Number of protein chains: 2
Amino acid sequence: MNDVSSERLAPLVRKLASLGRLSQPEIDAVKALPITIRDMKAGQDLVRQGDRPSQACLMLDGMSYRFKIVGDGARQILSYHISGDIPDLQSLYLVSTDHTLSTLMSSRVAFIPHRSLHHLIETHPRLGGLLWRDTLIDGSIFREWMCSMGRRSAPTRVAHLLCELVVRYRNAGLAAEMTIPFGLTQINIGDSLGLSVVHVNRVFRDLKRDRLISVSGRKLTVLQWAELKRAGDFDPDYLHLAPEG
Amino acid sequence: MNDVSSERLAPLVRKLASLGRLSQPEIDAVKALPITIRDMKAGQDLVRQGDRPSQACLMLDGMSYRFKIVGDGARQILSYHISGDIPDLQSLYLVSTDHTLSTLMSSRVAFIPHRSLHHLIETHPRLGGLLWRDTLIDGSIFREWMCSMGRRSAPTRVAHLLCELVVRYRNAGLAAEMTIPFGLTQINIGDSLGLSVVHVNRVFRDLKRDRLISVSGRKLTVLQWAELKRAGDFDPDYLHLAPEG
DNA sequence: CGCCGGTTTGAAGAATTTCAAAGGGAGTGG
DNA sequence: CCACTCCCTTTGAAATTCTTCAAACCGGCG
């Protein structure tokens, strides 16, 4: 492989390295994955509910999110995905997709054939374990969101989500200090947390008023991290950031 | 192995067979897993938040459930587990457990050393794939619960949960007709769906009044399945019951 | 400049929670 | 075997959070 294609998969290598130590042959095998790269605009579907994808999506840049539409037409957002994430990794073993994956902003996405990933897992079982681990962390995040939606107040939910985004961006090396890219609309936040836009707006207003956060353009800055964590009942353990073992 | 121990793992074999076709050597390998069986009373912890288990729990009989306690002391129930389920399978690759697993009623539980499971996965990669698939279905159920808690009304949530229990019991061959074992208290249901007991009680009263369900002792009977499904906005796709492929 | 999607605000309404207390039912110990 | 106890269920009433509706505002983009 040449330098260009090897650099292209750097976000994936970094992500896997954050899940567990990688050997050089493993790194090489990951970098050798055949990929197709596409630049996508905001609001485009990557996988639709009911699809049976034959490739997995790897986020290189930008952000994507998963959601379901319930009976009365309301939308529930399930997760957000940044550089290095493979949002539909579960499609490797769950042939029929039960939700939709879309870009939240203009994004660069790599498509990796399932065939290649299955082969990678067979030849490098440890990498398979790391990918498995990644899907388990995905599930852990769902569990935490369930706690938020079931048992936390609206202000706590919003603060919690912001904390999660900050920690994940920082962990991926995509945030300087306490400022993160912030492409979510308040509509998105409402659909993530089971709240109406109006209410999200009011909670946001209070968070700004209390100088916990500030938003300017598409950047969000945490002004008082300890306070925001407390307000959001946030404990990062569920993100399982410490590598395996 | 003798007949006794092979029979003991029948729930696991059946579960795996429902996830994908098993070869005879694979069945034999599963049956050969070394296990410790314990009979447990209701309300005992199997794994606690923060634990680093060295074995996985397999439900043989009874029911267990997972939950988290949030900052203000409220409890969020995350899932229920019946015969054949391995509720803490994620501990194979997520060393630190982020929630608690307890018995909901008196149960028979088998403990399988992680070491044995890791060895099984190495020697029988296809079984590894099925177990992975099982953890992915776990995640899919979380996603559906998120939809319920975020975007469904209380009556819909309750009906949805009942539908799920019915389908899962029937799929596991543990329910005759439309009657299932029903050990959940209304407190449990509230903590599962993000509702107060009082409100659960009122919703339940309506479901009985409208003759969608009836409860007697520790059995629940669905009187009008089509109606209950509709009331619960229930589509079983998310359970991914059709075997892989 | 005008449009479009997102944000913000006010006011009224609905769903659900909280508080309080009484009523069952199953197991336990006397 | 009965009474007691504990937990769960049930009901009423008041309180609260959050939603809905409606409309104005704002900012970026074509």
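In what follows, chains are A, B, ... by sequence order, proteins preceding strands, each numbered from 1. Everything numeric in this text was worked out from a predicted model, so none of it was measured.
Taking a cutoff of 4.0 Å between a charged side-chain nitrogen and a carboxylate oxygen, Asp235(A) and Lys229(A) do not qualify as a salt bridge.
The side-chain hydrogen bond (donor to acceptor under 3.5 Å, both in side chains) test with Asp138(A) singles out one residue from His81(A), Arg66(A), Gln90(A), and that residue is Arg66(A).
A donor-acceptor pair under 3.5 Å is formed between the side chain of Ser192(A) and the backbone N or O of Asn188(A). Between the side chain of Arg205(A) and the backbone N or O of Val200(A) there is no donor-acceptor pair closer than 3.5 Å.
Rounded to an integer number of Å, the gap from Ile189(A) CD1 to dT19(D) C1' is 18 Å. The distance between atom CG of Leu195(B) and atom C1' of dT18(C), rounded to the nearest whole Å, is 14 Å. In this structure, Asp206(B) places its CG atom 13 Å from C1' of dA15(C), rounding to the nearest Å. Atom CE in Met149(A) sits about 15 Å away from atom P in dT16(C), given to the nearest Å. Taking atom CG on Asp72(B) and atom P on dT17(D), their separation rounds to 13 Å, with Å as the unit. Taking atom NE2 of His199(A) as the reference point, atom C1' of dT16(C) lies 13 Å away to the nearest angstrom. In this structure, Arg218(B) atom CZ and dC7(D) atom P are separated by 14 Å, rounded to whole Å.
Counting only residues at least two apart or on different chains, the side-chain hydrogen bond (donor to acceptor under 3.5 Å, both in side chains) pairs with a member in residues 167-183 of chain A are Asp85(A)-Arg168(A), Glu164(A)-Arg168(A), Thr179(A)-Thr221(A).
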Mind listing the N/O atom pairs, protein and nucleotides 4-11 of chain C, below 3.5 Å?
from    : atom 1 : to        : atom 2 : distance (Å)
dT7(C)  : OP1    : Gln186(A) : N      : 3.4
dT7(C)  : OP2    : Gln186(A) : N      : 2.9
dT8(C)  : OP2    : Gln186(A) : NE2    : 2.7
dT8(C)  : OP2    : Asn201(A) : ND2    : 2.6
dT8(C)  : O5'    : Asn201(A) : ND2    : 3.2
dG10(C) : N7     : Arg202(A) : NH2    : 2.5
dA11(C) : N6     : Arg202(A) : NH1    : 3.4

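Within the nucleic acid shown, Gly217(B) has no heavy atom closer than 4.0 Å to any nucleic acid atom. Gly190(B) comes within 4.0 angstrom of no nucleic acid atom, judged by non-hydrogen atoms across all strands.
In this structure Phe67(B) satisfies the ring-ring contact (aromatic ring centres under 6.0 Å, His included) test together with Tyr65(B), sequence neighbours excluded.
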